[in-house]
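Just follow the structure's listing: the first ligand is 1, and inside any ligand the first atom is 1.
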Amino acid sequence: MKGPRFSLCVYCGSRAGQRATYLEAAREVGREIGRRGWQLVYGGGNVGLMGAMADAALEHGARVVGVIPRPLFAREVAHLSLHEQLVVDTMHQRKQAMAERADAFLALPGGIGTLEELYEVWTWRHLGYHDLPIGLLNADGFYDGLLAFMQHTVAEGFLSASQLECLRSSQDTVWLLDELQALSGRAGAAEDLRRI
Ligand code: AMP
């Protein structure tokens, strides 16, 4: 639950990707969350970047909460050493439960699951369901192509520059986590998300 600890909801790959730098970035995020005494909320898996980040967070003293749909839990990809592992019935419940526990959101490299989660929470912000900060960790330039495409989307008139600015992107984990905390405001956020 949201509480005295700052709670960061992280979306990231269920695979490790091709470059060691992606795994290093996931571990650094976990380590930083622990070092800061924060809570990590994530998809609850023990695989890929998700598992690496969660292990690093646990090793460094973070409180770690997973939210996983029952079918994935049954497939034995759930992390079994978390402080809390919430098993839900649907993907929609999962995303809402994750968001309700968040003071800020962060996406790391990942595939369609990560992109879907990022775009949903970004859309919710655009529609005014919450005003929590959203970060994109552009580890090793992984998201350069996506950021260029989003600039194109602004240039072509389908997205406002301010909507794009809502997404804070950086290759620097420490800077980005500082930025997300500085931008966050806890008041009212969970209530807003319950209305979705
Ligand atoms: P992807 O980027 O396609 O690998 O999907 C990763 C995102 O989708 C994560 O942030 C999770 O919330 C969710 N997800 C996908 N696969 C799994 C899995 N095996 N275990 C737990 N969550 C998963």
Enquirer: How about Val88 and Ile68: do any of their side-chain heavy atoms sit closer than 4.5 Å?
Expert: no
Enquirer: Would you indicate whether the side-chain heavy atoms of Met150 and Leu159 approach each other to under 4.5 Å?
Expert: yes
Enquirer: So, using side-chain hydrogen bond (donor to acceptor under 3.5 Å, both in side chains) as the criterion, who are the partners of Thr21 when residues are at least two apart?
Expert: Asp140
Enquirer: Who are the residue neighbours of ligand 1 when the rule is a heavy atom under 4.0 Å from any of its atoms?
Expert: Tyr11, Cys12, Gly13, Ser14, Gly43, Gly45, Val47, Met50, Leu72, Val77, Arg94, Gly110, Gly111, Ile112, Gly113, Thr114, Glu117
Enquirer: Quick check on the 6.0 Å ring-centre criterion: do Phe105 and His130 meet it?
Expert: yes
Enquirer: Quick one: side chain to side chain contact (heavy atoms under 4.5 Å, CB included) partners of Leu127, sequence neighbours excluded?
Expert: Thr123, Tyr129
Enquirer: Quick test of your reading: applying ring pair (Phe, Tyr, Trp, His ring centres under 6.0 Å), list the pairs with at least one residue in residues 29-61, sequence neighbours left out, ordered by first then second residue.
Expert: Phe6-Trp38
